**Student:** 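I'd like to ask you about the structure that follows.
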2 protein chains.
Amino acid sequence: MPKPDGDPTVSLELSVDRSSPVPLYFQLSQQLEAAIEHGALTPGSLLGNEIELAARLGLSRPTVRQAIQSLVDKGLLVRRRGVGTQVVHSQVKRPLELSSLYDDLEAAGQRPATKVIVNTLVPASAEVAAALGVAEDSDVHRIERLRLAHGEPMAYLCNYLPTDLLELETGQLEATGLYRMMRSAGITLHSARQSIGARGAIAVEAERLAEEEGAPLLTMQRVTFDDTGRAVEFGTHTYRPTRYSFEFQLLVRP
Amino acid sequence: MPKPDGDPTVSLELSVDRSSPVPLYFQLSQQLEAAIEHGALTPGSLLGNEIELAARLGLSRPTVRQAIQSLVDKGLLVRRRGVGTQVVHSQVKRPLELSSLYDDLEAAGQRPATKVIVNTLVPASAEVAAALGVAEDSDVHRIERLRLAHGEPMAYLCNYLPTDLLELETGQLEATGLYRMMRSAGITLHSARQSIGARGAIAVEAERLAEEEGAPLLTMQRVTFDDTGRAVEFGTHTYRPTRYSFEFQLLVRP
DNA sequence: AAGTGGTCTAGACCACTCG
DNA sequence: GAGTGGTCTAGACCACTTG
């Protein structure tokens with residue numbers, strides 16, 4: 001009698017606090033995620049059916065489904081009709097979900113060291129104006145930062161921002177990071193349009209990054225939008241490929 | 001009396017077919033997406049409240065919510081409590097969602113021309129064995145392909161696959177593409193772990209891509225997993241950065 | 001105060017998978 | 001045939017935003 005994979009029962013300590021302001025489905029999904037993360041729910045194991053799980057927790061089935069669905073969307077669980085819900089077993093799960101690509105978005109500037117080289121207002125070039133959706137030659141913030149790791153330059157970041165969004169203090173930029181500052185200013189980030197490429201370093205880039213002219217560089221351009229569709233940031237970044245690469249996990253949409 | 005933005009009413013032809021096997025929420029989300037795409041729902045316009053929409057269509061509110069939620073997940077709509085549901089206005093919406101990164105996953109090989117250079121079995125190296133989760137020196141498929149655009153080489157793709165998954169006919173590979181073949185073989189793709197970087201071309205790479213030695217190349221490595229967590233493909237790709245870059249849209253998770 | 005989305009319930013029937 | 005997830009209903013109360 002071959003078991004499907006792992007343990008079909010769930011003898012897990014799950015409970016919800018109805019007096020908490022945290023939604024019930026969210027409490028459940030957090031507990032399940034934690035159980036997966038620290039191994040209480042092993043890869044391939046079945047979760048037990050939704051009805052029984054709902055009964056055990058005193059929840060309705062839709063609430064339990066909502067919790068499970070959020071983990072399916074994260075790629076941690078897989079549902080199969082007629083079979084059940086299983087924990088995905090993918091090698092190296094945790095550390096790879098939020099990696100550099102998103103990390104840049106989430107915690108830009110959080111790295112060991114970031115040095116602000118330029119923080120000024122400039123008239124928008126045609127390219128910048130088009131990206132940010134502002135008038136050409138109107139003033140925009142221009143920030144240039146050097147990111148260091150272990151004392152070595154890793155990346156050179158050049159960003160443009162509209163002037164009416166937030167204050168950009170150099171000290172805070174180095175301590176807090178750009179994206180965190182935008183969030184604190186009440187900006188709700190929604191999406192970003194990215195382009196990743198490569199090219200040989202021109203003289204000034206080579207000097208900034210302690211490379212030689214013509215050395216391969218990894219490049220990234222990004223325009224970030226808030227939830228009203230307004231462009232809130234345009235960035236042109238160059239990375240030393242020996243020190244940095246983009247690593248991330250991609251979920252295939254069903 | 002300043003309107004929030006756009007038209008707060010929805011005078012749209014929406015209807016569902018209850019005799020169809022297509023789920024009601026999916027019928028609705030498709031119609032809404034189509035309306036957004038061809039401009040019937042303009043960016044910034046409000047969708048009208050869920051209750052009224054449900055009543056108008058003869059659906060329950062949860063069903064309408066499910067339809068709306070799927071479009072929120074795609075980044076096409078934004079919900080604000082106390083306000084309503086609005087169409088996001090982001091510049092260039094359609095063509096950028098499925099771009100090269102996913103395109104590679106979805107339709108690899110669909111490009112103007114793909115030439116299969118190598119299609120053979122080889123013993124797995126340590127790196128390949130680790131990526132695919134097979135024993136070292138056990139046989140694996142090795143495929144090398146040259147991708148051309150307008151007669152010029154654009155990328156060189158080297159892929160490894162376990163032997164027990166599918167047949168790999170060279171003709172079909174050139175006509176259909178690797179990912180399509182995997183799907184046809186009943187493999188449900190789930191996620192991929194990617195790494196994008198850059199480096200100078202070594203001699204053999206330079207020759208393949210008609211570049212010079214040391215020229216900057218864009219590189220991508222990927223391991224793809226099916227929904228059981230099994231590694232189904234490992235690929236090492238090199239791109240000519242003057243002909244190819246990775247472009248994609250990133251949604252910020254709430 | 002009115003209107004919106006956010007959450008939740010307690011059922012129901014169906015489609016699919018598997019033994 | 002038994003068990004699973006997939007879909008759907010008709011309500012309910014709450015939290016938040018806005019005028």
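Convention: sequence-line order gives letters A, B, ...; per-chain numbering from 1. Keep in mind that this is a model prediction, so the values were computed, not measured.
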**Student:** In this structure, how many angstroms lie between the P atom of C:dC8 and the CG atom of A:Leu57, rounded?
**Tutor:**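 In whole Å, C:dC8 P lies 12 Å from A:Leu57 CG.
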
**Student:** Under 3.5 Å, is there a donor-acceptor pair between the A:Glu247 and B:Ser195 side chains?
**Tutor:**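 Yes.
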
**Student:** Regarding B:Arg80, tell me which of base, sugar-phosphate or nothing describes its non-hydrogen contacts under 4.0 Å with the strands shown.
**Tutor:**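 Since only primed, P, OP1 and OP2 atoms lie under 4.0 Å of B:Arg80, the category is sugar-phosphate.
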
**Student:** Please give, in whole Å, the distance from C:dT9 C1' to A:Leu53 CG?
**Tutor:**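 Going from A:Leu53 (CG) to C:dT9 (C1'), I get 16 Å.
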
**Student:** Can you name the one residue among B:Ile51, B:Leu46, B:Leu47, B:Leu53 that meets side-chain contact (heavy atoms from CB on, under 4.5 Å) with B:Asn49?
**Tutor:**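 With B:Asn49 as partner, B:Ile51, B:Leu46, B:Leu47, B:Leu53 yield a single side-chain contact (heavy atoms from CB on, under 4.5 Å), made by B:Ile51.
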
**Student:** Rounded to the nearest angstrom, tell me the gap between atom CZ in A:Arg18 and atom P in D:dC14.
**Tutor:**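 Atom-to-atom, A:Arg18 to D:dC14, this comes out as 13 Å.
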
**Student:** Take atom CG of A:Leu46 and atom C1' of D:dG5, then tell me their distance rounded to the nearest Å.
**Tutor:**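 One finds 12 Å between C1' of D:dG5 and CG of A:Leu46, rounded.
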
**Student:** Looking at B:Arg222, B:His141, B:Arg145, which hits side-chain contact (heavy atoms from CB on, under 4.5 Å) with B:Asn159?
**Tutor:**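 Only one option passes, and that is B:Arg145.
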
**Student:** Look at the side-chain N and O atoms of A:Thr63 and state whether any lies under 4.0 Å from the OP1 or OP2 oxygen of C:dT7.
**Tutor:**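 So the side chain of A:Thr63 is outside the cut-off, no N or O lying under 4.0 Å from OP1 or OP2 of C:dT7.
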
**Student:** From the set C:dG5, C:dC8, C:dC18, return the single nucleotide nearest to any side-chain atom of B:Glu50.
**Tutor:**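 Of the candidates, C:dG5 comes closest.
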
**Student:** Specify the residue among B:Gly82 and B:Val64 whose closest nucleotide of DNA chain D lies further upstream toward the 5′ end.
**Tutor:**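 The 5'-side residue here is B:Val64.
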
**Student:** Which residue lies toward the 5' end of DNA chain C, B:Thr85 or A:Ser60, if each is placed at its nearest nucleotide?
**Tutor:**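 First, find each residue's nearest nucleotide; the 5'-ward one identifies B:Thr85.
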
**Student:** Heavy-atom nearest nucleotide on DNA chain C for B:Asn49 versus A:Pro62: which residue maps closer to 5'?
**Tutor:**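 Final value for this comparison: B:Asn49.
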
**Student:** D:dC14 P sits how many Å from B:Arg81 CZ, rounded?
**Tutor:**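 It works out to 13 Å between those atoms.
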
**Student:** Mind checking B:Ile51 for me? I need base, sugar-phosphate or nothing, with any heavy atom below 4.0 Å counting as a touch.
**Tutor:**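 No contact.
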
**Student:** What does B:Pro23 touch in the nucleic acid at a heavy-atom separation under 4.0 angstrom: a base, only the sugar-phosphate, or nothing?
**Tutor:**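 Result for B:Pro23 = sugar-phosphate.
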
**Student:** Taking B:Leu168 as the fixed residue, which of B:Leu121, B:Val116, B:Ile143 is the one that meets the side-chain contact (heavy atoms from CB on, under 4.5 Å) rule?
**Tutor:**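 The option that passes is B:Ile143.
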
**Student:** Can you find a side-chain donor-acceptor pair between A:Gln69 and A:Tyr25 that sits under 3.5 Å?
**Tutor:**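 No - no donor-acceptor pair under 3.5 Å links their side chains.
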
**Student:** Rounded to whole angstroms, how far apart are CZ on A:Arg65 and P on D:dT7?
**Tutor:**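 Rounded to whole Å, this separation is 7 Å.
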
**Student:** Specify the separation, in whole Å, of atom CD of B:Gln69 and atom P of D:dC8.
**Tutor:**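 Taking atom P of D:dC8 as the reference, CD of B:Gln69 is at 16 Å.
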
**Student:** Tell me the interatomic distance from B:Tyr25, atom OH, to D:dG5, atom P, rounded to whole angstroms.
**Tutor:**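 Interatomic distance, OH of B:Tyr25 to P of D:dG5: 16 Å.
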
**Student:** So does B:Arg61 reach the base of C:dG6 with its side chain, donor to acceptor, closer than 3.5 Å?
**Tutor:**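 Yes, the side chain and the base share a sub-3.5 Å donor-acceptor pair.
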
